Amino acid sequence: MAQLTTYRGKRDFSRTPEPEGRVDGGEGNRFVVHKHGATSLHYDLRLEMDGVLKSWAVPKGPSLNPDDKRLAIQTEDHPLDYIDFEGVIPEGEYGGGPMIVWDAGTWAPMGDIEESFRSGDFKFRLAGEKLKGGWMLKRLKPKPGEDKVNWLFFKEHDPAASTTENILESRPESVKSGLTIEQLQPAPQKPRKPVKLEPGKLKGAREMPMPDKIQPQLATATADPPPIPGDRTPWLHEIKFDGYRTIAFIEDRQARLITRSGLDWSDRYKRLTNTFAQVPCRQAIIDGEVVVVDSQGVTTFAALQDALAESRSHDLTFFAFDLLYLDGYDLQNVALRDRKDLLRDLLAPIVSSKSAIQYSDHVEGEGSDLLGLVTEKHLEGIVSKRADARYEQTRSTTWLKTKARRAEDFVIVGYTRSEAAGGLGALGLGEWVDGTLEYRGKVGTGFDAPTLDLLLSRLQPIELERAPLPRAPKELVYVEPVYSARIHYANRTNDGSLRHAVYKGLIEPERPTNRPERRRLISDADLASVSITNPTRRLFGDDGPTKLDLAVYYGLVGDFMLPHLFGRPVTLVRSPSGKADDIFYQRHPFSGMPKSVGVFDAVNSDSEARQYLSVEDPKGYLALAQFGVIEFHTWGCHHADLERPDRIVFDLDPGEGITWRNIVAGARRVRGALEGIGLNAFVKTSGGKGLHVVVPIKPHHDWKSIHKATGAMAQAIAAGDRDTFIANMSREKRKNRIFIDFHRNARGATAAAPYSLRARPGLPASTPLNWNQLESIDAPEDLNYSSLPQILNSSGDPWAEIDEYASDLQAVGP
DNA sequence: GTATGTG
DNA sequence: CACATACAACGCTGA
DNA sequence: TCAGCG
């Protein structure tokens, strides 16, 4: 049983006021309620569970049961546990008392929690179920005689709610070079007494009137940070900010903020201007960058523009990195290090962890170490400045900027053996470039023991005799290039190899990351409109599924399937008799056809006018089950734009001797090749033994060129590995190979629609999958009429956002 | 499943 | 009346 | 050129 223990300030929450309420639990369990942080809708509650501090936002609301004393709590890693209230959430401006209550009898999907609050319409789902990042708490005992249970919704607290402190908290300490975050940004420091500033004593300082104009010094871009120089004047490396370069002129307790182009933006930066006015000096010129620090602690230009557009100057932070003038002395000929020291002392009295002005600190030593760290944090890059350099009002080589590269995924092409590291020392990486795999070097850090085990268990079964790509070093144990690794790296060498590469995970980027809510496309009325004759008729055998099973399946998956069906020419595969040898295709209107099925006019390949079918509404779709429709096949286009396909498909068909694992690996390789030319590949089972790799494209080209282009792609992939693939239809060459069938990309050709059942025993489904789900499927026939509805209900449609990933296929010549 | 053709 | 039949169609392949 | 194939 989990223990809830009192949080006793092991971490510094000095920003939060003292707890104003305390709720002591039974059995030694207690938690502390902070009223601080409450929005108009939530209390901020923190409790420590098994030593881990958890933070929750507790919605406030009317206290329906002020004498309620006991709550049940259940979270992801804690079974049901109880908290006895001895007190209640404190009285005060929010009303106090135990929180929200709802009637268990009226389940409904929960909408936006805050909106529910505003409307007073609290609707929650199930006990302990995770909802939108929060958890339900169940009040244990219903009142005697009352058949209802009360619920409290705890929303997981978003810790990324403030600015500078989150930069500090979210950055891990660097392992290399002993770099700590405090070196990147000053640790939150208490305002200090001003030290005596003596700019006139610095070497190079000149007594003169304050200039009223400064051209900011600019940095020269470099691919790599400068190496540690041999002489005694090191480089100082700062974080490069992504914002507006700004120079602050302070005079007589007034500040002017001037942009790089000389505009006076003092008013737009109101809050900063006011803060600068408090800098304890008579005159100063401070160089820096105005940024918005987002919730991840990352500065982004876009956020800054938003803040300015909305006049939210209170979101702005000024990172000060240079001091050009102070109290009668021009400092432009003073060494940078001295200028920065003086700047730090000058700002110390007013800089705190949450002040609008921050001192931009630096590190010395290997700039690439900082660059690696900055890259991990998805920051813009670093600026390296010579410690002894004077300030130059122009672009200079004493300031160098190096951009951070983003994390990317690379194909694992091999690994090195290492006894010490548990069998695996490093991964060899490759990258698809124009359909060919190129070597990109090794990654040897970032693994922990379980990761090593996982990688080894995945890679050993797919070892290769010979290298799958040129230029791979001999010491590698080669593997099928089917897995990808997420890699962070500082930059690349001239030959493309990665520098400072860090392994971040074996990731199939879950492309539809935020699963959209299930959209209800089938109403109860639609379902009620279906009538099924012979509901008990067996399909394909005496113990097979019934015709009713078929109708129920399509009823259940309709919400997920219909988006892929609507508006596309459809071909039906029917078996009204239910006999396996009595199956036929239908693509034209037929007698007795439900009138809710769509019909449109088109010409066939002989230019004859024909009518074709499409599914246009849920009723028509549901009615088809009654007509013995088992399979739905679609064209790769919509009838509204019949001649220009928007989806292409590669049907991977296993030849004799090819296992399911082989097919999975093959699909990954096809995906790699496709993504190498900028196409987004989605995968589904074909319903048989194969896989369909489907690519959404923009409908820009006609069928002829698409068919030709997909043929070229298939041939290219097959040419890259003739032992595995073949793009040729001929029968006997297919043995022990995977046939890449691209012929479904011709006009009038069809492929099984996503979620379509297949007319064979057991009614397997053509099932869209995430690429990483694919790995956990052992037998595709397990995805069938009876199992799939449940799976879909809990995980949703992995292809829900497929159309948003449509690429523009390059036009192909005649 | 339904309409139609055929003996 | 019982019974049979239609209900798709593309490009490639090897003969 | 055509039957066969997916």
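Computed from heavy atoms alone, side chains included, the values below leave out hydrogens, waters and symmetry copies. Not measured: the values here are computed from a predicted model. Letters A, B, ... mirror the listed sequences (proteins, then strands); counts begin at 1.
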Heavy atoms only, 4.0 Å cut-off, all strands: where does A/Arg574 land among base, sugar-phosphate and nothing? base
Kindly point out which of C/dC7, C/dG11, B/dT2 is positioned nearest to the side chain of A/Gln586? C/dC7
Could you state the CD-P distance from A/Gln611 to C/dA9, rounded to the nearest angstrom? 13 Å
A/His588 side chain near C/dA6 phosphate (N/O to OP1/OP2, under 4.0 Å): no
Name the closest nucleotide to the A/Asp741 side chain, picking from C/dA9, C/dG11, D/dG6. D/dG6
Rounding to an integer number of Å, can you tell me how far A/Leu624 CG sits from B/dT2 P? 12 Å
Atom-pair distance (CD1 on A/Ile726; P on C/dG14), nearest Å: 9 Å
Verify the contact: side-chain N or O of A/Asn728 to OP1 or OP2 of C/dT13, cut-off strictly under 4.0 Å; return yes or no. yes
Using a heavy-atom cut-off of 4.0 Å across all strands, would you classify A/Asp653 as base, sugar-phosphate, or nothing? sugar-phosphate
C/dC12 P sits how many Å from A/Asp651 CG, rounded? 16 Å
Once you round it to whole Å, what is the distance between P of C/dC10 and CH2 of A/Trp635? 8 Å
What's A/His707 touching, base or sugar-phosphate or nothing? Going by heavy atoms closer than 4.0 Å. sugar-phosphate
Whichever of A/Phe584 and A/Lys704 has its nearest DNA chain C nucleotide further upstream toward 5': A/Phe584
With rounding to the closest Å, how many angstrom separate the C1' atoms on D/dA3 and C/dA9? 15 Å
Using distance alone, with no hydrogens and no angle criterion, decide if A/Ser577 and A/Asp582 have a side-chain donor and acceptor under 3.5 Å apart. yes
Report the distance from atom CE of A/Met593 to atom P of C/dC7, rounded to the nearest whole Å. 16 Å
Pair A/Asp778 + A/Arg661: basic N to acidic O under 4.0 Å: yes
Length of the line joining A/Phe627:CZ and B/dA3:C1', which is rounded to integer Å: 12 Å
Would you mind telling me which of A/Val693, A/Val683, A/Val695, A/Leu691 makes a side-chain contact (heavy atoms from CB on, under 4.5 Å) with A/Val670? A/Val693
Among C/dT13, C/dC12, C/dA9, the nucleotide that comes nearest once only the side chain of A/His743 is considered: C/dC12
If we only count heavy atoms from C-beta on, is the A/Leu427 to A/Phe410 side-chain gap below 4.5 Å? no
Can you list the steps and then say if A/Arg647 with A/Asp803 is a salt bridge (Lys or Arg N to Asp or Glu O under 4.0 Å)? CA-CA 9 Å; A/Arg647 272 186 201 182; A/Asp803 292 334; 3.5 Å; yes
Between C1' on C/dC12 and CZ on A/Arg744, what's the gap in Å once rounded to a whole number? 13 Å
